[in-house]
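Accompanying notes for the structure given below.
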Amino acid sequence: MKKTRHAKIIEIIQKYDVQTQEELAGRLKNAGFSVTQATVSRDIRELELSKVAAAGGGQKYAVMKQEDGQLGDKYIRVLKDAFSDAAVAQNLLVVKTVSGMAMAVAAALDAMRFSEIVGSIAGDDTIFIAARTGEEARGLMEKIRSLI
């Protein structure tokens, strides 16, 4: 049932600009799935969905997971569209983004699996990325800048 629901979620977000969990839950219910908000929230996390800029403003859910492990154009596009600035503070890389896009950029960076990244925390327009050393943080900043 879960795999079928996950497939339907991907189908829905590829067909519609779904902006909220409530909207996604409603579309799933219309498709015959009985879901709660907690189930939808868990599915979003498991599918590694992120919010990205939607045409005409606003944000929508998008699939950020890539199976082949290569840097995808979509991740680089997210970086190019949302990246604003970056600075190193010891072993932390602080990335500034367009308002509302930090989570999408963090998800893209996670999907790229940079070895320097130990972990990250995203807010609305700021991401704190922990690296092991200051040197790794500076190297990561240069890698990101070279992509955009």
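Since the structure is predicted, the reported quantities are computational estimates derived from the model, not experimental observations. Heads up: numbering here begins at 1 and tracks the sequence.
One finds the CE atom of Met141 at 8.5 Å from the CZ atom of Arg138 (value rounded to the nearest 0.5 Å). Arg5 CZ to Ile10 CD1: the interatomic distance, rounded to the nearest 0.5 Å, is 12.0 Å. Taking OG1 of Thr4 as the reference point, atom NE2 of His6 lies at 10.0 Å (rounded to 0.5 Å). Atom CZ in Phe114 sits 6.0 Å away from atom CD1 in Ile144 (nearest 0.5 Å). Distance CG/Leu28 to CG/Leu24: 4.5 Å, rounded to 0.5 Å. Between the OH atom in Tyr61 and the CG atom in Leu49 there is a gap of 8.0 Å [rounded to 0.5 Å].
Residues passing the salt bridge (Lys or Arg N to Asp or Glu O under 4.0 Å) test with Arg42: none are found, sequence neighbours excluded.
At a threshold of 4.5 Å between non-hydrogen side-chain atoms, the residues Leu79 and Met112 count as touching. For the pair Met1 and Phe33, the minimum side-chain heavy-atom distance is below 4.5 Å. A 4.5 Å side-chain heavy-atom check between Ile127 and Ile121 finds every atom pair outside the cut-off. Side-chain contact between Lys80 and Arg77: absent, with no pair of heavy atoms (C-beta onward) separated by less than 4.5 Å.
Using a 4.0 Å cut-off between a side-chain N of Lys or Arg and a carboxylate O of Asp or Glu, Lys8 and Asp43 do not qualify as a salt bridge. Checked for salt-bridge contact, Glu23 and Arg27 meet the test: a charged N lies under 4.0 Å from a carboxylate O.
Of the N and O atoms on the side chains of Gln21 and Gln37, at least one donor lies less than 3.5 Å from an acceptor on the other residue.
Taken together through direct or relayed side-chain contacts under 4.5 Å among Ile, Leu, Val, Met, Phe, Trp and Tyr, Tyr16 and Ile13 form part of one hydrophobic cluster. In terms of hydrophobic clustering, with Ile, Leu, Val, Met, Phe, Trp and Tyr side chains grouped at heavy-atom distances under 4.5 Å, Phe83 and Phe128 are assigned to different clusters.
Scanning both residues, Ala130 and Leu92, for their nearest heavy atoms gives CA-CD2, 3.8 Å. Counting all heavy atoms, side chain and backbone alike, Glu46 lies closest to Lys2 at OE1-CE, 3.0 Å. The minimum heavy-atom distance linking Ala86 with Leu93 is given by the pair CB-CD1, 4.0 Å. Closest approach of Val35 to Thr39, counting heavy atoms only: CG1-CG2, 4.3 Å.
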Identify each donor-acceptor pair in which a side-chain atom of residues 94-111 lies under 3.5 Å from a protein atom, sequence neighbours left out, and give them as a table.
| unit_1 | atom_1 | unit_2 | atom_2 | d |
| --- | --- | --- | --- | --- |
| Lys96 | NZ | Thr126 | OG1 | 2.8 |
| Thr97 | OG1 | Ala102 | N | 3.2 |
| Ser99 | OG | Asp124 | OD2 | 3.0 |

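Side-chain atoms of Arg132 do not come within 3.5 Å of backbone N or O of Ile117 as any donor-acceptor pair.
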From CA spacing to verdict: side-chain contact (heavy atoms from CB on, under 4.5 Å), Ile9, Gln14:
CA-CA 8 Å; Ile9 289 170; Gln14 288 176 339; over 6 Å; no

